[in-house]
Amino acid sequence: MNERDQTRDKYNPQAIEAKWQAFWEQNSSFRATESDPRQKYYLLVMFPYPSGRIHMGHVRNYTIGDLIARFQRLRGYNVLHPMGWDAFGMPAENAAIKQNTHPRAWTYHNIDTMRRELKSMGLSYDWQRELATCNPDYAHWEQELFLKLYEKGLVYRKLSQVNWDPVDQTVLANEQVIDGKGWRSGAAVERKELSQWFLKITAYAEELLEGIQQLESGWPETVRSMQTHWIGKSHGLEFAFPIEGRSETLPVYTTRPDTLMGVTFCSIAAEHPLAKEVAARNPAAQQFILSCQSAGTSEEAIERLEKKGFDTGLRAIHPLTQQRVPIFIANFVLMNYGTGAVMAVPAHDQRDFEFAKSYQLPIRVVIQPLTETLTSDRMTAAYTGPGILCNSDRFDGLETEVAKQKIIETFVEMGIGRATTQYRLRDWGISRQRYWGNPIPIIHCPACGLVPVPVDQLPVRLPEEVELLGQGNPLVRHPSWKECRCPRCGQAAQRETDTMDTFTESSWYFLRYCCPDFQGPLDPQRVNHWMPVDQYVGGIEHAVLHLLYARFFHKALRDCGLVACDEPFSRLLTQGMVRKDTFRCPEHGWRYPEEVSQQGDGLCCIACSAPIQVGRNEKMSKSKQNVVDPNDIIQGYGADTARLFMLFAAPPEQDLEWNDHGVDGAWRFLNRLWRMVQEVAALPYQPPARSMPQEAALRLLRTKTHETIDKVTRDVQRFQFNTGISAVMELVNAVQEWLNPATASDRSPELLALLREAAEAAVILLNPYVPHVTEELWQLLGHAQPLCQHQWPVVDPEALQRDEITLVVQVNGKLRARLTVAAAADQAVVEAAALAEPAVQPHLAGRSIQKMVWVPGRLLNIVVR
RNA sequence: GCGAAAGUGGCGAAACUGGUAGACGCCCUGGACUUAGGAUCCAGUGCCUUCGGGCGUGGGGGUUCAACUCCCCCCUUUCGCACCA
């Protein structure tokens, strides 16, 4: 038997996949060009960070993206489906410290590995548009974009807080702070203020918020809701408390002016100027502020703190009652929201309530709910709902919403406050004190101040020789890199040593894909040909930060004239995580799946034979050792099986549970498909059927074929890829029944045509899911043109007309019988048949019929009493 | 702490606008077959049952002729929280 015959007999994914990957590459099957007359479709998947190898999360993301890309190609679109590398970032630097490699070498090595792995999955990328963000070319155009934003006034510097490791003298990322300690040094982390670069995302807060409405039909509700809350628009009152015995005042912002008469103290952030001033002459206050600064900078860490405060001894004067209330420094007040100071109303704010309880501060009820009467001494929690004002002097009796307006009006009339709109959204700090990022192209001149690097001198390149020790900023420590001349006055000056946040690169890569070879940041003509992205696919973990930054950056570039559309991503699909059981050995801790063996009913550790505890299903991660290497699956079963399993096991938005048996099931289905098509291809040739036959059994087969086409088409469009597969499985099962030996003797040309139509439909419908095996089967069915250039099948509406339907008879909503009737049967006919049904009659005996609920095509419900 | 989701057989899931709960697949059980394969084929497979039927979608209430689906309360799990990407 020669090799070709062998591949014809048995499904051999390794041979088939290599063959078709080579074919697509040689024929540039997935090149996308702007000159193509067909309508464009831009399918974008979130580019990966080149961490070393691909993981199951990538496989899932890119399988989903590829399915949609291939589907839209078959539907006749000119599809742009690019891939690249989010190549700057901390892991390269960490690897450099640990293994003494250069970040660039490490990164490019990983890219080579991962590109090879992605290619083995048979993804239909236009690889000619591949880009890596660490490439000097990409960095160059990004620096130019930065300067454009700088000119537009969207870039500025201000002091802000960082996590500081006092031992390594370095800034730590939030994830590098573990239980308040630096991950490498173990030293207690301090908060420190540094002058940092910011992008004015807040200038676009309102537009970013309004834009969310535009995305209503294309973005998941959950992501829109998270972004809305993140932007956090609120309306409220801004006013200032006079401070007893002082000329300056304490400005505050509140969204609850209706609770104004319930203020019993004020809280200020540890970084508030007033707090600093108090600390300067009060060592105890200084001590307290220091203790606040040991918390780390993440909002989560701050909000989980035990609420603590320090009485400054200062007294604020209530602007309406002239009452004196204490001013506390509090560890939970954020300096970067509002004014860094809040009026505290313990009766109607939970944090203030807890704070008041621990410091024995008075609680004053000023809102009464409609259902009960609150008294301060019996409250166990703050009441934050609506109600009627009390203890509020002239505002008593007002409803909360009315009171808010009235009190704001009062402040405005008295000239001591104003209605303001506030956003929770903060400006985007892009400064990183790290080596492996894009340099900020600014020069600090002692005479001229901040001077942008002239465009013709870009890019600012990172020094190749660098010492990475995990201490300090490598660019500051470099002996000569930062030294330069001021472009304006020629004097000795210094380069900015901060590099940009890597979210900057991911904020415009989708625009660069449109014109990857353009000598300039962006070619508006080509960008506008492809933009906006028609479908974006990526992990739900990017719901807020990446997707909000990219929307902002895109709008800023629009205002620079580089792109026309307002929103970059018309539709968004967020896929869930890939999870797996965790295995734990009492002796050896977390165990990889291959370190565990089956022993009777349970599992045991291969090293010590101790029984394994099977833990919860968790996100695949190296730390929990519950990872499955995609390469093992691809090498063992082939990429098509891996893809099919991923798409079949769960709908894309849901978390996917890895299951070895499920992979076997996917493998077996592909073998079933393979055998079925082989058998059909071996039958005497008849062109595929194009019209309905007469015989009922044959009519049913054609109906099944077209119902499947209809269902898969709709399912793919609504991202229900798993049910699309089940539909094709049913079709394959139906065809297989006609291929059984029992019916082999009687195969009319009509049947042969119907079988071929069904087999071809199954192959085309599955092509976006499992592209290699379907190309091979398509060829086997005698087609000279590759399937990737074919068209998606069209439903014959006549074939969807069922002759008979089954409907349900209920009595009082309980199912009592099923009736098979002519599809056109009306209510009267069905009622008569239902009442005559033996299974129905006992439930009617001795009762009177109240009414009949008739749902055409579905059910008849007989309501009796 | 704040914000956002998700809970359906032994398992992954399905049920499109309130109208047959469990499609499709896995596991398992019984049988057939043999070119002993990663087999394949046939049958069964929510729970209980006196075989009439009864009960079932995290728990508790409600709306409706009819609720996995809509409303209220509770429980559990997951994701994000601005320097991981």
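Labels below follow one simple rule: chain letters A, B, ... track the order of the sequence lines, proteins then strands, and each chain is numbered from 1.
Within the 4.0 Å cut-off from OP1 or OP2 of B/rC27, at least one side-chain nitrogen or oxygen of A/Arg668 is found. Remark: A/Lys814 is in phosphate contact with B/rC55, judged by side-chain N or O atoms under 4.0 Å from OP1 or OP2. An OP1 or OP2 oxygen of B/rG25 is reached within less than 4.0 angstrom by a side-chain nitrogen or oxygen of A/Asn733.
Residue contacts for A/Val863: at a heavy-atom cut-off of 4.0 Å it reaches the sugar-phosphate backbone alone, with no base atom in range. Using a 4.0 Å heavy-atom distance criterion, A/His546 is classed as making no nucleic acid contact. Among the heavy atoms of the strands lying under 4.0 Å from A/Ser431 is at least one base atom, whether or not backbone atoms are also near. Base contact: A/Phe648 has a heavy atom under 4.0 Å from a base atom. Counting any heavy atom pair closer than 4.0 Å across all strands shown, A/Glu354 reaches no nucleic acid atom. Looking at heavy-atom distances under 4.0 Å, A/Val223 makes no contact with the nucleic acid at all. The residue A/Asn722 sits close only to the backbone: its heavy atoms come under 4.0 Å of sugar-phosphate atoms, none of a base. Base contact: A/Arg432 has a heavy atom under 4.0 Å from a base atom. A/Glu730 comes within 4.0 angstrom of sugar-phosphate atoms only, judged by non-hydrogen atoms across all strands, and of no base.
Across all strands shown, B/rG31 is found opposite B/rC41 as a Watson-Crick or G-U wobble partner, with both distances under 3.5 Å. Summarising the base pairing, B/rA6 is matched to B/rU76 through a Watson-Crick or G-U wobble pair whose two defining distances lie under 3.5 Å. A 3.5 Å limit on both hydrogen-bonding distances identifies no Watson-Crick or G-U partner for B/rA15. Both distances falling under 3.5 Å, in either a Watson-Crick or a G-U wobble arrangement, place B/rG1 opposite B/rC81.
More than 90° away from 0 lies the glycosidic angle of B/rG62, which makes this nucleotide anti. Classification of B/rG9 as syn follows from a glycosidic angle within 90° of 0.
Between the side chain of A/Arg714 and the base of B/rC16, a donor-acceptor pair under 3.5 Å is found. In the interface, the side chain of A/Arg304 is paired with the base of B/rG1 through a donor and an acceptor atom under 3.5 Å apart. Evaluation of atom-type donor-acceptor distances gives no pair under 3.5 Å for the side chain of A/Gln176 against the base of B/rC84. A donor-acceptor contact under 3.5 Å is formed by the side chain of A/Glu300 with the base of B/rC81.
Between A/Trp674 atom CH2 and B/rU40 atom C1' the separation is 18 Å, expressed in whole Å. In this structure, the CG atom of A/Leu859 is 12 Å from the P atom of B/rA67, given to the nearest Å. Look at CG on A/Leu573: it is 15 Å from C1' on B/rA5, rounded to the nearest Å. The CD-P distance, from A/Gln227 to B/rG3, rounds to 17 Å in whole Å. As a whole-Å value, the separation of A/Gln654 CD from B/rA15 P is 11 Å. Between the CD1 atom of A/Ile178 and the P atom of B/rC84 there is a distance of 12 Å, given to the nearest Å. B/rG1 atom C1' lies 12 Å from atom CD1 of A/Ile302, rounded to whole Å. If you take CZ of A/Phe669 and P of B/rG12, they are 22 Å apart, rounded to a whole angstrom.
Nearest heavy atom pair, residue A/Ala817 against residue A/Glu837, reads CB-CG, 3.6 Å.
Comparing the P positions of B/rA13 and B/rG7 gives an interatomic distance of 9 Å, to the nearest angstrom. For the C1' atoms, the distance from B/rG54 to B/rU63 is 25 Å, rounded to whole Å. Only the P atoms considered, B/rG18 is 13 Å distant from B/rC68, to the nearest whole Å.
Side-chain contact check for A/Asp715 versus A/Thr713: every heavy-atom pair is 4.5 Å or farther apart.
Using a cutoff of 4.0 Å between basic side-chain nitrogens and carboxylate oxygens, A/Glu93 and A/Lys98 are not scored as salt-bridged.
Set against B/rG19, B/rA5, B/rA82, the side chain of A/Thr222 has B/rA5 as its closest nucleotide. Closest contact between the side chain of A/Asn861 and the listed nucleotides B/rG19, B/rA13, B/rA4 involves B/rG19.
Note on ring orientation: taking the six-membered ring where Trp is involved, the planes of A/His542 and A/His546 are perpendicular (angle over 60°, cut-offs 30° and 60°).
Ring-centre distance between A/Phe645 and A/Trp667: not below the 6.0 Å cut-off. Aromatic ring centres of A/Phe648 and A/Tyr769 lie farther apart than the 6.0 Å criterion allows. For an aromatic pair to be called close, the ring centres must be under 6.0 Å apart, and A/Tyr549 with A/Trp428 satisfies this.
Checked by atom type and distance alone, the side chain of A/Thr499 pairs as donor or acceptor with a backbone atom of A/Arg434 at under 3.5 Å.
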